[in-house]
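Below: the structure, in structure tokens.
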Amino acid sequence: MRVIVIGAGAIGAASALALAEAGAEVVVVDRAGVAGETSSRCEGNILVSDKGPGAEAELAIVANRAWRALAERLDADRGPGQPATEFEAKGGVVVAFPGGEAALGAFAASQRGIGITANEVDASALRALEPHLSPEVVRGIHYPDDAQVQPSLATQAMLARAVRLGATVRVTEATGARVRAGRAIGVETPEGPIEGDAVVNCAGPWAGEVAARFGARLDIRPRRGLILVTVPMPQRVFHKVYDADYVGAVGSADAALQTSTVVESTPAGTVLIGSSRERVGFSESNTLPALAEIAAKAARLFPFLADTMLLRSYHGFRPYAPDHLPAIGADGEVAGLFHAAGHEGAGIGLAPTTGDLVAHAVLGVPAPIDPAPFLPTRAALREEAA
Amino acid sequence: MTIRISFDGDEVLGREGQTIAGVLLASGRRSWRTADGEERGVFCGIGVCQDCVVTVNGVGSVRACQRTACDGDAIEREVR
Amino acid sequence: MKRRVVILGAGPAGLAAAQAALAHGADVVVIDEGERVGGQFWRHHDTLTDRRLQHQWARFERLRGALERATVHASTSVWRVDTEHGVRVHALHGPVDAVDREPLVIDADALVIATGAHDRALPVPGWTLPGVTTAGAAQALAKRDGVALGGRTVVAGAGPFLLPVAASLAQVGGEVVEVVEAAGARAIARGWGRAPWQFAGVAGKAGELGEYALSLARHRTPYRIGQAVTRIHGERAVEGVTIQRVDARWRPIAGTERHVECDAVALGHGFTPRIEAAIQAGCAISPDRFVVVDARQGTSVAGVFAAGEVTGIGGADAALAEGAVAGFAAAGGDPADARMRGPLAARRRMHAFAARLATHDIAPGWTAWLDDETIMCRCESVTVARLTAAAGAAGSSRGIRLATRAGLGACQGRTCGRSVEALLGRPLGLDRRPVLSSVRIGELAACADEAPAASADAG
């Protein structure tokens with residue numbers, strides 16, 4: 001079976017890898033190359049801390065386990081010149097300022113109910129975990145399972161492995177659909193058609209646009225996220241550290257600017273400070289209010305950051321569905337067309353299990369979890385965009 | 001007029017108005033930062049390359065080639 | 001109300017723009033990172049600078065005098081330019097890289113981008129050793145601080161700018177062992193007639209360059225052409241260099257190696273325009289990566305003008321002429337105005353001079369003097385070997401950047417970017433920089449309270 005994967009981001013790479021491992025012949029098509037967009041413009045989060053009980057939490061728990069094995073495989077089996085995935089199971093610490101303790105505690109309790117390790121940390125234990133935290137912070141929850149990868153490198157590594165299993169990567173744009181007798185069989189590109197037996201749409205925030213080229217409907221929209229990067233420095237932040245209001249932002253459909261603080265160090269010595277969520281389409285303008293708000297909140301969490309030099313900022317467009325669940329599985333109308341998109345800022349973390357669900361949908365191999373909640377045929381994805 | 005600054009605790013004399021890089025170079029120092037175990041000092045001299053950065057009175061990431069030295073400034077090496 | 005013209009950069013282009021905009025009745029604001037106006041060309045300190053190192057000083061004094069009617073923000077770094085709802089400039093005023101700088105938010109009716117250029121130094125094995133600097137650094141330290149880079153300095157690279165650098169070093173007491181120019185005799189003859197300082201097309205230029213040539217002769221400094229420093233030696237600092245003949249494409253010619261002892265090397269292979277403010281403002285950039293301007297020095301963005309090295313490397317005289325045109329146009333003046341005749345004619349003349357500078361353009365063969373261990377990106381210590389391996393493995397330009405960290409360090413690719421791109425034979429998108437100059441997180445946070453631009457819509 002020959003499968004065309006549109007998109008070489010983390011979801012496309014993980015899907016290509018899972019398909020190739022299950023024996024398919026895979027062609028990945030991306031106009032920007034490997035990890036050219038969303039997957040290189042994010043933090044590389046592999047989180048369980050931000051998931052409340054529900055389908056996405058189950059996906060996240062399974063994917064978190066899958067990442068540990070996958071990263072080990074990818075790092076052990078690197079090609080020449082290829083850097084490591086920088087997988088780091090550093091753990092996350094979610095902290096509350098006065099007034100936010102009760103909500104955080106209740107949320108953590110609900111997470112423990114579905115098997116997420118969420119340990120209460122008092123003020124003195126917090127100081128031990130993060131000595132440079134603001135003294136204002138009164139309570140925290142430690143999530144030892146939170147991890148991260150360098151998202152661009154991890155995506156490159158997944159695709160490199162898929163390529164060693166016979167996959168090919170074409171840097172060109174899927175400008176049109178090849179549909180024969182109502183069945184998706186490939187894509188048009190400026191260099192000519194690429195045909196196969198099935199097409200998987202992993203186009204991230206552009207997935208709705210790609211679906212439309214096949215005559216399908218998929219309501220996936222972009223949400224802008226901004227991240228600040230400091231100059232490199234000796235390590236002073238040891239976990240992923242979030243303000244407890246992070247949880248509120250992920251699930252919200254509010255169009256206004258939302259920021260929620262997440263601070264962490266990278267192996268390069270820089271500190272990443274995130275992040276914002278703005279519904280502004282693919283606009284790249286008017287970023288200053290979000291940048292300033294992120295900076296202000298981060299300096300409140302880690303006062304030393306106020307005097308730290310900013311190196312750059314970057315933004316990415318996170319794909320999200322109206323019901324904030326990813327769309328993974330067969331299209332409801334166009335045979336041979338599959339989708340894997342809409343992971344909204346969690347795509348890196350959810351990638352390996354998403355790939356497995358794609359292989360299940362396309363090739364019929366066993367699914368790692370119940371695919372039903374994520375099927376693109378659910379009503380929420382088929383309405384006209386608001 | 002002469003100014004006195006310190007570099008990693010050693011007193012260094014300079015002329016009023018000189019940049020920190022100018023003072024350090026005039027004192028015979030060629031480098032004052034460590035990058036991946038190697039010595040670095042001034043390179044672009046006009047504030048672009050960030051090779052010459054030092055910590056000044058406890059504040060890091062200050063470009064020595066651009067910052068005018070002030071009497072009493074405590075300069076420290078940055079190591080990466 | 002007067003039209004407010006904000007000028008970024010107080011070098012020759014910015015100062016000429018200010019003078020012309022003032023002459024046309026504008027409310028002029030000049031912003032420069034330096035403590036004093038003048039830019040790199042007139043970099044100075046009132047007591048430390050040896051006046052003999054300055055050129056066209058009377059012209060500078062006239063331009064500086066004109067600023068009495070302008071608002072001048074010296075020691076002020078522009079870190080962001082927004083052009084979404086009119087032009088708005090964000091800057092910080094205070095000691096360089098201090099923590100307590102004063103935020104400035106300035107709205108403009110017109111903007112003149114005169115941010116100049118910085119030296120481009122090509123990577124050479126050993127170029128991270130202490131004692132190796134750009135030619136511009138040697139010049140700046142001599143002019144601004146009265147300090148000679150080293151006892152024995154080799155000045156190497158390409159272009160007539162090497163000559164004033166050598167002259168300055170000699171003036172402040174350094175010995176210049178050699179001046180090494182990569183362009184060959186044939187290229188120089190074709191480009192200039194005979195030698196750059198004998199170029200007759202521009203009287204003032206020829207005189208100035210002639211002075212430098214005399215200075216070299218006086219100090220018995222050899223001026224080598226068709227040669228390059230291909231390796232720099234030393235344990236903890238520079239101890240010597242290998243100089244080789246290079247062919248017309250700047251490939252080193254085996255068997256021509258000479259060893260020269262020295263304790264300093266000043267490298268200048270031309271200039272990189274500082275176009276990040278223009279890019280952030282949304283200005284169109286040419287394929288050779290200068291700001292595209294029309295006959296009025298207007299960019300592709302309404303109300304935004306550019307002058308000087310950001311529009312093409314042409315030297316101070318071209319910058320002065322372009323600045324005058326830009327300032328006048330930015331103030332609402334008509335370029336057909338009689339007062340513009342002089343600057344327009346000077347601009348034509350100086351563009352002819354600038355065309356000759358192409359004689360010294362970097363030729364692609366220079367990468368042959370690199371070895372696998374040569375550091376390309378100084379900030380992140382990224383070697384040639386790492387870059388070439390990653391270019392083979394990763395597909396996208398972002399992928400190469402993130403896999404190697406080349407261009408992601410403290411200077412954000414300003415130093416290495418174009419050389420890395422030349423090595424890999426592909427653009428890496430490093431010109432686009434969201435943060436134009438050093439700003440601290442706390443300083444950015446202070447903008448959270450800022451009022452939106454006056455003309456901002458509700459979006």
Side-chain angles (χ1 to χ4, degrees), chain B residues 1-3 5 12-71 73 75 77-80, chain C residues 33-35 39-40 43 45-49 75 77 95-100 116 118-119 121 127-142 144-150 236-238 263-264 266-267 272 274 375 378-381 409-412 414-416 437-438 440:
Chain B
M1 225 189 72
T2 300
I3 57 162
I5 65 172
V12 184
L13 301 182
R15 291 156 69 193
E16 188 176 9
Q18 280 182 318
T19 60
I20 291 170
V23 172
L24 294 176
L25 279 169
S27 76
R29 288 169 175 80
R30 309 301 296 272
S31 59
W32 46 81
R33 189 172 77 89
T34 309
D36 289 308
E38 287 188 13
E39 288 290 299
R40 298 285 177 88
V42 71
F43 180 68
C44 81
I46 61 168
V48 171
C49 77
Q50 309 281 335
D51 242 1
C52 68
V53 295
V54 288
T55 294
V56 180
N57 304 325
V59 175
S61 307
V62 176
R63 288 165 291 167
C65 73
Q66 297 295 290
R67 177 74 163 261
T68 299
C70 292
D71 198 46
D73 275 348
I75 316 297
R77 169 182 290 265
E78 294 192 3
V79 178
R80 240 206 95 194
Chain C
E33 191 166 34
E35 290 175 351
Q40 304 306 336
R43 183 182 272 253
H45 183 275
D46 295 336
T47 57
L48 298 171
T49 300
S75 295
S77 304
V96 173
D97 299 334
V99 290
D100 45 5
H118 61 79
D119 280 72
W127 73 315
T128 56
L129 283 168
V132 183
T133 69
T134 67
Q139 179 76 317
L141 286 161
R144 159 76 176 75
D145 287 289
V147 175
L149 183 60
R236 287 179 58 84
V238 175
D263 60 6
L267 297 174
T272 304
R274 304 176 76 164
I375 287 175
R378 301 172 63 95
C379 296
E380 296 288 316
S381 300
C411 90
Q412 290 287 287
R414 288 173 172 93
T415 309
C416 73
S437 65
S438 301
R440 294 183 192 269

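Order of the sequence lines fixes the chain letters, A, B, ..., with proteins taken first and strands second; residue numbering starts at 1 for each chain.
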If one checks every heavy atom of C:Ala266 against chain B at 4.5 Å, the contacting part turns out to be neither
When the 4.5 angstrom heavy-atom criterion is applied to B:Glu39 and chain C, the contacting part is both
Whatever's closer than 4.5 Å to a heavy atom in chain B on C:Glu380 counts as both
Scored by heavy-atom pairs under 4.5 Å with chain B, the best of C:His118, C:Gln412, C:Glu33 is C:His118
Counting heavy-atom pairs under 4.5 angstrom with chain B, the leader among C:Arg378, C:His45, C:Arg414 is C:Arg378
If one checks every heavy atom of C:Ala410 against chain B at 4.5 Å, the contacting part turns out to be both
| Hey, are B:Gln66 and B:Thr19 close enough side-chain-wise for a donor-acceptor pair under 3.5 Å? | no
Ranked by heavy-atom pairs below 4.5 Å to chain B, first place among C:Thr133, C:Asp46, C:Val238 goes to C:Thr133
Assert top hit (heavy-atom pairs under 4.5 Å, partner chain C, pool B:Cys44, B:Cys70, B:Gly41) equals B:Cys44
For residues 54-62 of chain B, tabulate all N or O donor-acceptor pairs below 3.5 Å that involve a side-chain atom, not counting sequence neighbours.
from, atom 1, to, atom 2, distance (Å)
B:Thr55, OG1, B:Glu78, OE2, 2.8
B:Asn57, OD1, B:Ala74, N, 2.8
B:Asn57, ND2, B:Asp73, OD1, 3.0

Between the CG atom in B:Asp51 and the CZ atom in B:Arg40, the distance rounded to the nearest 0.5 Å is 4.5 Å
**Report entry** Expected output: side-chain B:Trp32 to main-chain B:Ala64 donor-acceptor under 3.5 Å
**Finding:** no
Across all chains, not counting sequence neighbours, the salt bridge (Lys or Arg N to Asp or Glu O under 4.0 Å) partners of B:Arg15 are none
Taken in chain and number order and not counting sequence neighbours, the residues that satisfy side-chain contact (heavy atoms from CB on, under 4.5 Å) with C:Ala98 are B:Arg67, C:Pro95, C:Asp100, C:Arg101
Interface check, chain B: of C:Leu149, C:Leu48, C:Val147, most non-hydrogen pairs under 4.5 Å belong to C:Leu48
CZ (B:Phe43) and OG1 (C:Thr415) are apart, to the nearest 0.5 Å, by 6.5 Å
So CG of B:Leu13 and OG1 of B:Thr2: to nearest 0.5 Å the spacing works out to 6.5 Å
Among C:Thr47, C:Leu141, C:Asp119, the residue with the most heavy-atom pairs under 4.5 Å to chain B is C:Leu141
Answer yes or no: are there more than 12 heavy-atom neighbours, outside B:Arg77 itself, under 6.0 Å from its atom CZ? yes
**Prompt:** Do B:Glu38 and C:Ile375 pass the side-chain contact (heavy atoms from CB on, under 4.5 Å) test, and can you show the C-alpha distance, the side-chain angles, and the key distance before you say yes or no?
**Reply:** CA-CA 12 Å; B:Glu38 287 188 13; C:Ile375 287 175; 4.2 Å; yes
Residue from B:Ala21, B:Gly45, B:Gly17, B:Cys49 scoring the most non-hydrogen pairs under 4.5 Å with chain C is B:Gly17
Residues 24-31 of chain B vs chain C, non-hydrogen distance cutoff under 4.5 Å, contacting residues -> B:Leu25, B:Ala26, B:Arg30, B:Ser31
- State whether the side chain of B:Arg80 and the backbone N or O of B:Ala35 hold a donor-acceptor pair below 3.5 Å, judged by distance alone. no
